[in-house]
> 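Please read through the structure below; I'll follow up with questions.
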Amino acid sequence: MQKYLIILTGPTGIGKTRTGLALAKYFNTEIVSSDSRQIYKELNIGTAVPDKVELTEIKHHLIQNHSIYENFNVSKFENEALSTINSLFFHHNLVLLVGGSMLYINAICNGIDNMPDADPEIRDMLKVKLESEGLESLRFQLKKIDPDYYNTVDLKNTNRIIHALEISLMTGNPYSTYLTKSKKTRPFTIIKIGLNCERTELHNRINTRVDNMINAGLEDEARKLHHLKHLNAMNTVGYRELFAFFDNEISREKAIELIKRNTRRYARKQLTWFRNDEEMNWFEYDQTKEIITFIENQIIEK
RNA sequence: GGUACCAUAGCUCAGUUGGUAGAGCAACGGACUGAAAAUCCGUGUGUCCCUGGUUCAAUUCCAGGUGGUACCA
């Protein structure tokens, strides 16, 4: 029996949760999340996780099942999401993957190369070096260790340079030797559904949603997490702007304004990524009926 | 109703001694292999309020109109 993974995605605030629930009910199946922030159990309001009613109506996976104290990453996501999806196929012919994290979705569709997780000590060491000697020094080191990657990487992107160095130093092999550029094959058929709407309306939806989050108590939630702002997981829109307010760097009003702006920018970045995906089938956010028809036609054809 | 001041990018405003204009913010485009809601790169998007006049040339000067603000009635 052919298995289908329906990937439902789109910019933040477009209504993926709602449409996902409707599809899950219709196809009598379960939802796997592909959201890099909803995966954390400590985050609620700011990540717009499905509420308790929604989570009991339909079984969700990879929602709030990890801690912000862990060093979660895309590779762990790939492994965990794939094994979850494959076990769901034991009882379902169709499974939903719902979320907007582009790289995570890409890892499910195309896979990601195998390499070890970065050693936090080596990363810290490189950060110290960055502080004391500057980015130029890290570039110089990368040029010696991995000239191939040095020639292709964006040399202004500190994160990428640090990552290439930490993997190279840890393993003794140049980072670029781990990049096979091969696409992994999956034992299921993928159908990609993208939700969208006119940009102005998307901005309105986002602005309203941020106001709703503030009214729902986002400030209190963020205040409790303030002392954890150094964690990777807390470098998140909706929290970091409030942290800046708590640290007296900006006003409360300014923080809310920045949350809206940064959410809008995130949505644009998502659209940039998804736009280039030729496999994406685009729908307006309220076309649930059309989406169901589309999926059914796809399945019948195969 | 009268007088003064203002009208330039989505917003706040510069500016052009007359040669079709530029800052900040916002916005937009792009890259993307273990931090990805991350990180990085790039782009002015304009009937200079409207209609006449002067001029080789008007967003700029002049007149009128329209809209706005302030003050006086």
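Order of the sequence lines fixes the chain letters, A, B, ..., with proteins taken first and strands second; residue numbering starts at 1 for each chain.
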> With rounding to the closest Å, how many angstrom separate the P atoms on U60(B) and A7(B)?
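U60(B) and A7(B) have their P atoms separated by 12 Å.
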> Verify whether one side chain among D35(A) and S101(A) offers a donor that lies under 3.5 Å from an acceptor in the other.
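Note: D35(A) and S101(A) side chains miss the donor-acceptor criterion.
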> Reckon R160(A) has a side-chain N or O less than 4.0 Å from the OP1 or OP2 of A31(B)?
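For R160(A), the contact criterion (side-chain N or O under 4.0 Å from OP1 or OP2 of A31(B)) is not met.
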> Tell me what Y40(A) touches on the nucleic acid: a base, only sugar-phosphate, or nothing, going by heavy atoms under 4.0 Å.
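Result for Y40(A) = nothing.
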> Whole angstroms only, please: what is the CG-P distance between N262(A) and C40(B)?
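Interatomic distance, CG of N262(A) to P of C40(B): 13 Å.
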> Considering only atom C1', compute the distance from G44(B) to C48(B) and round it to an integer number of Å.
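My reading of the C1' atoms in G44(B) and C48(B) gives 15 Å.
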> State whether the distance check finds a donor on one side and an acceptor on the other, under 3.5 Å, for side chain N157(A) versus base U39(B).
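Such a pair is found, so the answer is yes.
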> Within the structure shown, what part of the strands sits under 4.0 Å from H230(A) by heavy-atom distance: base, sugar-phosphate, or nothing?
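Nothing: the residue H230(A), judged by heavy atoms under 4.0 Å, touches no strand.
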> Quick one: is U39(B) close enough that its OP1 or OP2 comes under 4.0 Å of any side-chain N or O from N235(A)?
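Checking N235(A) against U39(B): at least one side-chain N or O falls below 4.0 Å of OP1 or OP2.
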> Could you give the distance separating C6(B) and G15(B) at their P atoms, to the nearest angstrom?
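The same atom, P, in both gives a distance of 12 Å.
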> Looking at K129(A), E136(A), E133(A), which hits side-chain hydrogen bond (donor to acceptor under 3.5 Å, both in side chains) with Q141(A)?
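Single pass found, and it is K129(A).
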> Taking only the side-chain nitrogens and oxygens of R240(A), find out if one of them lies under 4.0 Å from OP1 or OP2 of U39(B).
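Indeed, a polar side-chain atom of R240(A) lies that close.
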> Roughly how many Å apart are G46(B) and C28(B), using the P atom of each and rounding to a whole number?
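About 15 Å, rounded to a whole number of Å.
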> Can you check the Y178(A) OH to G34(B) P distance for me, whole Å?
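Checked: the OH to P distance equals 13 Å.
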> Does Y104(A) put a side-chain nitrogen or oxygen below 4.0 Å from OP1 or OP2 of U33(B)?
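For U33(B), neither OP1 nor OP2 has a side-chain N or O of Y104(A) closer than 4.0 Å.
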> Taking atom C1' in both U43(B) and A9(B), compute the distance separating them and give it to the nearest angstrom.
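About 14 Å, rounded to a whole number of Å.
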> Would the distance check show the side chain of N151(A) and the main-chain N or O of P147(A) forming a donor-acceptor pair, the cut-off being under 3.5 Å?
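Yes; at least one donor-acceptor contact below 3.5 Å.
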> Between G10(B) atom P and E257(A) atom CD, what is the distance in whole Å?
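Distance, rounded to whole Å: 19 Å.
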> Using the six-membered ring wherever Trp is involved, compare the ring planes of Y149(A) and Y175(A) and label them parallel, tilted or perpendicular (cut-offs 30° and 60°).
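Ring orientation, 0 to 90° scale: perpendicular.
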> Please give the distance between the P atoms of U45(B) and G22(B) as a whole number of Å.
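Those two atoms are separated by 10 Å.
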> Using the P atoms only, state how far U59(B) lies from G18(B), rounded to an integer number of Å.
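Straight-line distance between the two P atoms is 14 Å.
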> Return the 5'-most residue of the pair T236(A), L179(A) with respect to RNA chain B, ranking by each residue's nearest nucleotide.
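That would be L179(A).
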> Regarding K3(A) and N93(A), do their side chains bring together a donor and an acceptor under 3.5 Å, going by distance alone?
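Judged by distance alone, the side chains do pair up.
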> Taking 4.0 Å as the cut-off, does a side-chain nitrogen or oxygen of R275(A) come that near to OP1 or OP2 on G29(B)?
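Indeed, a polar side-chain atom of R275(A) lies that close.
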> If you assign K269(A) and E166(A) each to the RNA chain B nucleotide with the nearest heavy atom, which residue ends up on the more 5' nucleotide?
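It is E166(A), whose closest nucleotide lies nearer the 5' terminus.
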> Suppose you measure atom C1' in C62(B) against the same atom in G1(B); what distance do you get, rounded to whole Å?
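Their C1' atoms lie roughly 26 Å apart.
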> Measure CG/D146(A) against P/U33(B) and give the value in whole Å, please.
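From D146(A) CG to U33(B) P: 13 Å.
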> Provide, to the nearest angstrom, the distance between the CG atom belonging to D113(A) and the P atom belonging to G34(B).
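Interatomic distance, CG of D113(A) to P of G34(B): 9 Å.
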> Atom OH of Y266(A) and atom P of A38(B): how far apart are they, to the nearest Å?
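These atoms are roughly 8 Å apart.
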> Report yes if at least one side-chain N or O of T272(A) is closer than 4.0 Å to OP1 or OP2 of G30(B); otherwise report no.
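For T272(A), the contact criterion (side-chain N or O under 4.0 Å from OP1 or OP2 of G30(B)) is met.
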> To the nearest Å, how far apart are R264(A) CZ and G10(B) P?
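Taking CZ of R264(A) and P of G10(B), I get 16 Å after rounding.
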> For A9(B), give the paired nucleotide (Watson-Crick: N1-N3 plus N6-O4 or O6-N4; G-U: N1-O2 and O6-N3; both under 3.5 Å), or none.
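Per the H-bond distance test, none.
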> Tell me whether T29(A) contacts the main-chain N or O of L94(A) through its side chain, where contact means a donor paired with an acceptor under 3.5 Å.
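Indeed, once roles are kept as given, a pair shorter than 3.5 Å links the two residues.
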> Syn or anti: how is G34(B) classified when any glycosidic angle within 90° of 0 counts as syn?
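You should classify G34(B) as syn.
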> Expressed as a whole number of angstroms, how long is the span from N71(A):CG to G34(B):P?
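To the nearest whole Å, that distance equals 14 Å.
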> Indicate the ring-plane relationship of F188(A) and F89(A), choosing parallel, tilted or perpendicular according to the 30° and 60° boundaries.
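Tilted.
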> Does the side chain of R265(A) get closer than 4.0 angstrom to OP1 or OP2 of A26(B) through an N or O atom?
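Yes, within the criterion.
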